[in-house]
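It should be emphasised that the depicted structure is a prediction, and the values quoted were computed from it without experimental measurement.
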Amino acid sequence: MGIIQLQVVDHSVPSDWWKKLVKQWYPQVNAFEAKLKPYDDQIKILRQNEQIYRLETEEAKRAKAWEQQEKLSLIYELRECQKFIDSIPPDLLEQLQENYENQLEHGQHFRS
């Protein structure tokens with residue numbers, strides 16, 4: 001045990017009494033700190049995990065936002081295609097569908 005320097009505030013109590021009190025108290029404090037160490041280590045681990053989970057949450061939010069944007073883009077593209085199809089005159093659309101069905105029956109495939 002190291003040297004304990006103590007400045008006594010109450011001069012009516014002898015300094016030896018204070019030193020004796022601190023010598024009795026100091027090992028108890030050290031023992032208490034030793035008991036707290038595993039909890040302190042666990043708290044550090046939990047804080048690290050919290051940071052990891054926050055980063056993962058932010059990444060998931062970004063991925064979800066990107067996915068939502070992709071869905072909106074596909075919906076927009078689908079609507080544009082539907083507008084184009086709706087703009088084709090019905091008689092021409094019927095003729096195109098018949099041609100397509102005939103080609104499927106004869107084993108011909110359209111190129112994409």
Identify all side-chain donor-acceptor contacts of residues 51-68 below 3.5 Å with residues at least two apart in sequence or on another chain.
residue	atom	partner	partner atom	Å
Arg54	NE	Glu50	OE2	3.4
Arg54	NH2	Glu50	OE2	2.6
Thr57	OG1	Tyr53	O	2.7
Glu59	OE1	Arg62	NH2	3.2

Listed pairs under 3.5 Å, donor-acceptor, residues 83-93 side chains, sequence neighbours left out:
residue	atom	partner	partner atom	Å
Asp86	OD1	Gln82	NE2	3.0
Ser87	OG	Phe84	O	2.5

Taking atom CD as the centre, does Gln24 end up with more than 12 heavy-atom neighbours from other residues, nucleotides or ligands that are less than 6.0 angstrom away?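 Yes.
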
Could you pull out every donor-acceptor pair under 3.5 Å between side chains of residues 30-44 and any protein atom, sequence neighbours left out?
residue	atom	partner	partner atom	Å
Lys37	NZ	Asp41	OD1	3.2

Distance-only donor-acceptor pairs under 3.5 Å for side chains of residues 69-76, two or more places apart:
none

